[in-house]
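Since this is a predicted model, take the numbers as computed values, not measurements. Letters go in sequence order (proteins before strands), and every chain restarts at 1.
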Protein chains: 2
Amino acid sequence: MPKKQSTREEILDAIFMLVYINGYNGTSMSMILKECGIPKGSLYHYFKSKKEMVLAVIKERLAPRMDDFYSFSNTQNKHSIDILIDTIIKISQKEQLIKYGCPLNRLNQEMSSIDKDFESAITQIYNHIKEKIILLLHKSNIKKEINIEELSEFVIASIWGALSLSPTQSSKDRYLNTVFYLTNYLKSLKN
Amino acid sequence: MPKKQSTREEILDAIFMLVYINGYNGTSMSMILKECGIPKGSLYHYFKSKKEMVLAVIKERLAPRMDDFYSFSNTQNKHSIDILIDTIIKISQKEQLIKYGCPLNRLNQEMSSIDKDFESAITQIYNHIKEKIILLLHKSNIKKEINIEELSEFVIASIWGALSLSPTQSSKDRYLNTVFYLTNYLKSLKN
DNA sequence: CTTTAATTAGACTGAATGGTCTGTTTTTAA
DNA sequence: TTAAAAACAGACCATTCAGTCTAATTAAAG
């Protein structure tokens, strides 16, 4: 059944972008229908409700995307801090991130309070990327007074913030200028 | 006409909290009516539309609140960096901020893309607090390689991020742990 | 070819949406 | 005291919302 898969996947792609940009409450079924170009019956054949659609989007679109953003190059002898800095800078090349901010942050902010299932799915993704950063940082020597878990949260938070700065005048340079202070600080933590 | 003022002010207070927590699209007129406890006719007597109400909330509630959060004690000989750090820590005492995040960040994220008027009102507030931080930092000596405007944006961004970390398990301690790295870094910039 | 299941199709539903309209009451000023 | 304006009150409106339903079409399996 190749058709079924592809239709379902197209629906998820369309909903992801709509919810990423307009939020959950800002995305109506009619917008989804229009974007997908399919009739209502088809949509509700694959998903039983709007909530189920978006829950699937979180698990099948948001999660892998976040996992990709925070994928660290297995560079052999490079210091973890430098690998992390590379990742932070690499984010500046993803136009969507610069334009619309971190999708995890956006969905979290609006949707965590709407529904427990949303909240737990989003928290799961957050914890996953946090663990990835913790694991990375544990591989190299870092100043002893630093709590790696807390530092990881600080890194995520700072990236979220840097990507949130007024979406109107957002640009690659603006992001890089802002995270320069983050990377600058991270460098000082090497041991 | 004291009554007129107070009714209008009560409406703004109610709408501010509703929009702060639920967002613009997440706040319906019926919720506003219920929260204010007034009939529709009264509401639409003071404001011609939902948009006008929320625009007034941004200008008359959000702006002064943000101005208050970033009000720096005129301590005579204290270093600007230390005054800024005090402010960052003082934020941890505002339960609403810890619980729901920075209202400027929340409204900005959802509403800037909905309407140009929202966007410009929000941007104005952002620029105002940014200028306040820039002004503060210019008063003391800071390492020469630092661009104060960019640093100010980084500070705001990091606070936004720290206040955004999963609203579920948000707490004063979690915030303080996260911004510790920010304050730690800021201290190193004193000259 | 025939049967059965998967998928497409969209008219329709009840509830909720933001907003209007017509009064009535209260307040203010002359 | 009276006229006019401000404020209150809520029934009402068109539209949109998420979701249902029945039927038609297509695809898969025997």
Is the phosphate of [N], meaning OP1 or OP2, less than 4.0 Å from a side-chain N or O of [X]?
X       : N      : result
A:Tyr44 : D:dC21 : no
A:Ser30 : D:dC17 : yes
B:Tyr46 : D:dA6  : no

Length of the [atom1]-[atom2] vector between [X] and [N], whole Å:
X       : N      : atom1 : atom2 : answer
A:Lys50 : C:dA15 : NZ    : P     : 19 Å
A:Lys34 : D:dC17 : NZ    : C1'   : 16 Å
B:Met29 : C:dT20 : CE    : P     : 11 Å
B:Leu43 : C:dT20 : CG    : P     : 13 Å
A:Arg8  : C:dT8  : CZ    : P     : 13 Å
B:Glu10 : D:dA7  : CD    : C1'   : 14 Å
B:Phe47 : C:dG18 : CZ    : P     : 16 Å

Measuring from B:Leu189:CG to B:Lys144:NZ, what's the distance to the nearest 0.5 Å? 13.5 Å
Could you list the residues that satisfy side chain to side chain donor-acceptor pair (under 3.5 Å) with A:Glu131, not counting sequence neighbours?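 Scan of A:Glu131 (side chain to side chain donor-acceptor pair (under 3.5 Å), adjacent residues dropped) gives none.
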Under 3.5 Å, side-chain donor or acceptor atoms of residues 65-72 of chain A against the rest of the protein: list the pairs with distances, not counting sequence neighbours.
unit_1, atom_1, unit_2, atom_2, d
A:Arg65, NH1, A:Gln96, OE1, 3.1
A:Asp67, OD1, A:His128, NE2, 2.7
A:Asp67, OD1, A:Lys132, NZ, 3.0
A:Asp68, OD2, A:Lys94, NZ, 3.4
A:Ser71, OG, A:Asp68, O, 2.7

Quick check, are the ring centers of A:Phe180 and B:Phe154 under 6.0 angstrom apart?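 No, ring centres 6.0 Å or more apart.
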Is the ring pair B:Tyr126/B:Trp160 parallel, tilted or perpendicular, if the boundaries are 30 and 60 degrees? tilted
Which of parallel (below 30°), tilted (30 to 60°) and perpendicular (above 60°) describes A:Tyr181 and B:Tyr185?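 Tilted: the ring planes of A:Tyr181 and B:Tyr185 meet at 30° to 60°.
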Under 4.0 Å protein heavy-atom contacts per nucleotide of nucleotides 9-14 of chain C, with B for base, S for backbone only and - for none: BBB---
Can a donor-acceptor pair be found, under 3.5 Å and without considering hydrogens, that links the side chain of B:His138 to the backbone of B:Ile148? no
Nucleotide nearest A:His45 (side chain, heavy atoms from C-beta), chosen from C:dT7, C:dG18, D:dC17: C:dT7
